[in-house]
Structure formats: C-alpha cells, structure tokens
Amino acid sequence: MGEYKKLYRSSHNRIIAGVCVGVAEYLNIDPNVVRLLWILLCFMGGSGIVAYVIGAIIIPEG
C-alpha cells in the first residue's frame with residue numbers, strides 16, 4: 001500500500017511554534033514560501049494570525 005504523510009509541527013528550523021516549517025515539509029515546499037503566505041494572510045484581515053494559533057494548538061509536534 002501507499003505511504004501516508006502526516007502533518008507535524010517542526011522541532012527544528014522553527015522560529016515561533018514550527019507551524020510554517022511543518023506545513024512546508026508536508027507540502028514538500030520551501031518554508032520561506034509558507035512564511036511569506038502567512039505574512040500576507042496576516043495583512044489581509046488578520047486571518048493568518050488566527051490560522052497560526054489554531055495550527056500551533058491542534059498540530060502535534062513531531
């Protein structure tokens with residue numbers, strides 16, 4: 001059978017809680033791209049801040 005990917009917060013290369021790095025590793029893209037998108041969401045109504053806090057709470061640390 002196929003291998004399942006799991007989403008974890010990163011315990012390395014993290015700045016605050018490791019959510020952006022964990023999402024980047026899951027999507028197999030550069031963490032700076034995810035960080036840039038998160039910053040853009042923060043300036044577009046503040047939804048990025050809410051998403052980051054929710055991610056830090058519900059995504060397990062890996």
Less than 3.5 Å apart, which donor and acceptor atoms pair up between the side chains of residues 40-62 and the rest of the protein, not counting sequence neighbours?
unit_1: Y52; atom_1: OH; unit_2: A17; atom_2: N; d: 3.0
unit_1: E61; atom_1: OE2; unit_2: R14; atom_2: NH1; d: 2.9

Is there a path of hydrophobic side-chain contacts, each under 4.5 Å between heavy atoms, that joins Y26 and Y8? no

Between atom CZ of R9 and atom CD1 of I16, what is the distance when rounded to the nearest 0.5 Å? 12.0 Å

Give a yes or no on this: more than 12 heavy atoms of other residues, nucleotides or ligands lie within 6.0 Å of atom NZ of K5. yes

Can you give me the closest heavy-atom contact between P31 and A24, atom names plus distance? CA-CB, 3.5 Å

Does CG belonging to N28 count more than 12 external heavy atoms closer than 6.0 Å? no

For side-chain contact (heavy atoms from CB on, under 4.5 Å), just list the numbers for V21 and R35, CA-CA rounded to whole Å, side-chain angles, deciding distance to a tenth of an Å, and then say yes or no. CA-CA 8 Å; V21 177; R35 289 177 180 135; 3.1 Å; yes

